[in-house]
Amino acid sequence: MASFDILVKNGTLPDGTVSDIGITGRTIAAMGDLSGAEAGTTIDATGDLVSPPFVDPHFHMDATLSYGTPRINASGTLLEGIALWNELKQIVTVDEMVARALDYCDWAVSMGLLAIRSHVDTCDDTLKGVEALLEVRERVKDHMELQLVAFPQDGLYRDPTARTNTLRALDMGVDVVGGIPHFERTMQDGAASVRDLCEIAAERGLLVDLHCDETDDPLSRHIETLASETCRLGLQGRVAGSHLTSMHSMDNYYVSKLLPLMAEAQIAAIPNPLINITLQGRHDTFPKRRGLTRVKEMHAHGITIGWGQDCVRDPWYSLGTADMLDVAFMGLHVAQMTSPQEMQRCFDMATTESARIMHLEDYGLAVGKAASLVVLDAGDAIEALRLRPDRLCVISKGRVVSRKARNDACLSLPGRPSSVRRRHTPAPD
Ligand SMILES: [Zn+2]
């Protein structure tokens, strides 16, 4: 008789199939009908969604949970956020940054968010943020994948020591090459920074993820240079463009050439709908732009897309919960992805598609993959998007790392049921 360390019984996977999952050590050992198997720990997931972990491909862990220090962002714009972050990073210490980041990682684990790509600001001669997040990466590595991007927040060329410090950060072990071409002084400098950063990545064998065209200016076209450099240097499948908000305002004819170019370069896109629906369009009267890139149109061209959270309680965004379903929910609305297939895709963009962007080889619900999964109080992926429900159980690499009791509201209404659950799928007992 088969025997496992952990057996997750009868869960519904995101594609709708019902399966048991047998875990031995850190690995998924068996799936399918495992009735009769023994296990050290059995988790009954009957009627509940069992998903691979949530993945956030765009975050800023050096700034997270700093909201209000030293003040709040009064205009709500990207540019005031950058100015405010510059005030904060003068006074913050490595220990404070580590403590805030570890607090955030606890939030993430409780929400089944087990892989995060975080940018880390390299525009600081002391590289405090890099030191802090390298320590955090080490401290969470047994239960969480934390991938770091060297991010010259003040511009690779605009800040006099940014290029040197970005290279130093990569030497110290930061994983991915980042940049911010739309914040350089001129379009030409922006394009040159894209070329330079792609060459650095090609030389070092690293992935690339640039903050790219996070502006309402339709003439901000650094994504075109990024795609072209990706092809020239043979970096296909290794490059992501984050935000890409200017695409919402670009000329349609121009975009009809750009999208196939992005597909040819196998560039992934990382829209950040929570933050960009609030940051963008601040100079507009009405009509007011939505601040989201062309998600559905990218899908039609076969481009990989992952929802990013970007910010939680920091100089740019005052809210945030570490729940990638909040992010997908906002993205679904703003991109108008309302068909069943599109809603399903929104869920995948918070899980498997983002895992592909991060090149997480050991990820997914399949035999031989890492035993990491989430049990949600929802019957299927679309219900999970609608409810953004409790995570009943989170398993990371074969260990239960978070549990939460199912918690229904108790009603006191004459002639009505004594409790209510807002699920549309049959409720488990
Ligand atoms: Zn960002």
Side-chain angles (χ1 to χ4, degrees), residues 55-67 73 76-86 88-89 97 100-101 104 108 113 115-124 129-130 133 146-156 159 162 166 169 174-184 190 193-194 197 207-216 220 222-223 226 239-247 268-280 291-293 305-320 322 324 326-327 330-331 354 357-358:
V55 178
D56 183 356
H58 190 115
F59 195 65
H60 293 264
M61 210 176 272
D62 47 3
T64 196
L65 305 188
S66 68
Y67 179 70
N73 182 336
T77 60
L78 171 69
L79 297 182
E80 185 178 344
I82 293 174
L84 180 48
W85 169 238
N86 270 306
L88 175 58
K89 73 186 182 193
M97 258 192 263
R100 283 194 276 101
Y104 179 76
L113 169 53
I116 299 174
R117 173 182 279 182
S118 174
H119 295 254
V120 53
D121 189 356
T122 53
C123 290
D124 162 27
V130 173
L133 293 198
L146 177 56
Q147 193 175 74
L148 301 178
V149 186
F151 174 50
Q153 169 81 73
D154 299 327
L156 187 73
D159 177 274
T166 300
V174 170
D175 308 281
V176 179
V177 178
I180 184 163
H182 56 275
F183 194 68
E184 303 292 349
S193 80
V194 172
L197 290 163
L207 305 179
V208 178
D209 185 342
L210 305 189
H211 285 63
C212 196
D213 304 321
E214 188 183 8
T215 155
D216 296 331
S220 187
H222 297 298
I223 181 60
L226 184 59
V239 175
S242 283
H243 298 288
L244 303 175
T245 53
S246 73
M247 285 181 74
I270 306 173
N272 298 276
L274 286 175
I275 184 83
N276 286 127
I277 192 76
T278 57
L279 285 182
Q280 308 308 127
L292 191 69
T293 193
I305 315 178
W307 298 124
Q309 183 172 216
D310 205 358
C311 299
V312 170
R313 292 185 53 72
D314 71 7
W316 296 272
Y317 188 63
S318 50
L319 305 176
M324 291 310 295
D326 280 350
V327 183
M330 178 62 79
S354 290
I357 293 173
M358 285 181 64

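This structure is a prediction, so every number in the text was calculated from the model and none was measured. Ligands are counted one by one from 1 in listed order, and the atoms in each one are counted from 1 as well.
Atom NE2 of His211 is separated from atom NE2 of His60 by 3.0 Å, given to the nearest 0.5 angstrom.
Listed by chain and number, the protein N, O or S atoms at a distance under 2.8 Å from the Zn ion (ligand 1) are His58 NE2, His60 NE2, His211 NE2, Asp310 OD1.
Listed by chain and residue number, Phe59, Met61, Thr64, Leu65, Trp107, Ala108, Leu113, Ile116, Gln309, Val312, Ala322 satisfy the side chain to side chain contact (heavy atoms under 4.5 Å, CB included) test with Tyr104 (two or more places apart in sequence, or in another chain). For Ala162, the side chain to side chain contact (heavy atoms under 4.5 Å, CB included) partners at least two apart in sequence or on another chain are Cys123, Pro152, Asp159. With sequence neighbours excluded, the residues that form a side chain to side chain contact (heavy atoms under 4.5 Å, CB included) with Ala240 are Arg117, Asp209, Ala268, Ile270, Ile357.
Using modelled atom types, one finds a donor on one side chain and an acceptor on the other under 3.5 Å when comparing Ser242 with His58.
The two residues Leu133 and Ser118 have their closest heavy-atom pair at CD1-OG, 3.7 Å.
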